[in-house]
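Please read the structure below before turning to the comments.
Start at 1 and go down the list; that is how both ligands and their atoms are numbered.
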Amino acid sequence: METILKIENLTKDFGRIRALNNVSFTIEKGNVYGILGPNGSGKSTTLGIILNVVNKTSGNFTWFDGKTSTHDALKKVGAIIERPNFYPYMTAQQNLELVCKIKGISKNIIDEKLEAVNLLEWKNYKFSSYSLGMKQRLAIASALLNDPEILILDEPTNGLDPQGIHEIRSIIKKIAKTGTTILLASHLLDEVEKVCSHAVIIRKGVMLYAGPVDEMSATNGIIEAKTEEISLEELAVALEKSPQISSANVDFDKVVAKLNTEVSATEINKFLISQGIVVSYFEKRLPSLEQQFLELTNNK
Ligand code: ADP
Ligand code: MG
């Protein structure tokens, strides 16, 4: 594995607000990372710090081999953290030519990048005539001009219509397939689920999860149970006596118990029977990613 970025114990205070609290994660080459969290959780602050536009309060981050200065590293980064800004009266082609001139890049690469974001046939149209989605795609093309090692996007689909959202997501996936590492920030669980291979979940500056998107849902599951013989509160208490259950709570008309290990429904049912409890409904299932995300971000 080749490391692109290593973040260690990053903390950021804005006056009395702690926007980031001891956040650590590593970005490996070729993966697609999503920083996921509700608004105000510190996603943009994280991106701002690694891009040198926000000063950290404490902690560390190192680019590539750890010896590259941030200044040099940023030459190999393509980032869009603000609303795309181009000259409205110039065409997409002319705007990108200007970017190439400023960055000292050959303009021969422009067609390839416009093609990558499905804008090649629109290259001679003025920026002012572009839809918001097209403007965002042009910004991605611009960020790709220097063939970056990593593409960084802050809420890439914000404000777009469903068609525009779909197009941006498929373009991001296409770019990832070419081997470009991607880091995006999003408050949308389904966006991270659809686009990313890895997720970093933060809430109020605190990291709650970092790892593969697949493993976000790989908990031990939950047990749902109902009974008519005793109260649901009593059933919850009985379930919590099992060493394999971390917590049991009444949820409207049933009890939901969280399993802390790989255990069968039969085993838990036997445990209840051993206590003289007969259930009228009993089921083991994995909570959906949606439920887990809500739990991670709301109930802590
Ligand atoms: P997100 O991108 O996840 O929505 P931000 O990183 O923008 O969250 O913000 C995290 C927290 O830091 C919020 O409470 C926000 O109000 C605060 N914050 C962000 N930027 C500034 C700033 N320049 N000055 C003061 N507070 C800020
Ligand atoms: Mg933000």
Q: Before giving the answer on side chain to side chain contact (heavy atoms under 4.5 Å, CB included), spell out for T180 and I150 the whole-Å C-alpha distance, their side-chain angles and the decisive distance to 0.1 Å.
A: CA-CA 6 Å; T180 307; I150 178 169; 5.8 Å; no
May I ask which of [options] has a heavy atom nearer to [atom] than the others do?
atom: atom 4 (O) of ligand 1; options: S41, G40, G15, S186; answer: G40
atom: atom 5 (P) of ligand 1; options: N39, D13, T45; answer: T45
atom: atom 8 (O) of ligand 1; options: S44, G42, P38; answer: G42

I need the nearest protein heavy-atom contact for [atom]: residue, atom name and distance, please.
atom: atom 16 (O) of ligand 1; result: I17 CD1, 4.8 Å
atom: atom 12 (O) of ligand 1; result: A19 CB, 3.3 Å
atom: atom 19 (C) of ligand 1; result: F14 CE1, 3.4 Å

Q) So is K123 actually on top of Y125's ring, under 6.0 Å and inside 45° of the axis? A)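 Ring-cation test returns no.
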Q. Checking K76 against F64: charged group under 6.0 Å from the ring centre and within 45 degrees of the axis?
A.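 Yes, a cation-pi geometry holds between K76 and F64.
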Q) Cut-off 3.5 Å, side chains only: do Q244 and T261 have a donor facing an acceptor? A)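 No pair is found: no donor N or O on one side chain lies under 3.5 Å from an acceptor on the other.
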**Q.** K254-N249 side chain donor-acceptor pair, cut-off 3.5 Å
**A.**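 Absent: no donor and acceptor within the cut-off.
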N/O donor-acceptor pair under 3.5 Å between [X] side chain and [Y] backbone:
X: N9; Y: S58; value: no
X: D161; Y: G164; value: yes
X: S24; Y: E8; value: no

Q) Is any N, O or S atom of N39 under 2.8 Å away from the Mg ion (ligand 2)? A)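 Short answer: no, not a single N, O or S atom is under the cut-off.
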(Q) If you scan the protein for heavy atoms around atom 22 (C) of ligand 1, do you find one that is closer than 4.0 Å? (A)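 Protein heavy atom within 4.0 Å of atom 22 (C) of ligand 1: present.
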Q) Just to confirm, does any protein heavy atom lie below 4.0 Å from atom 1 (P) of ligand 1? A)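 There is a protein heavy atom less than 4.0 Å from atom 1 (P) of ligand 1.
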Q.
Is it the case that ligand 1 has an N or O less than 3.5 angstrom from some N or O of K43?
A.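 Yes, K43 has an N/O under 3.5 Å of an N/O on ligand 1.
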(Q) Under 4.0 Å, counting heavy atoms only: does G37 come that close to any atom of ligand 1? (A)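 Contact absent.
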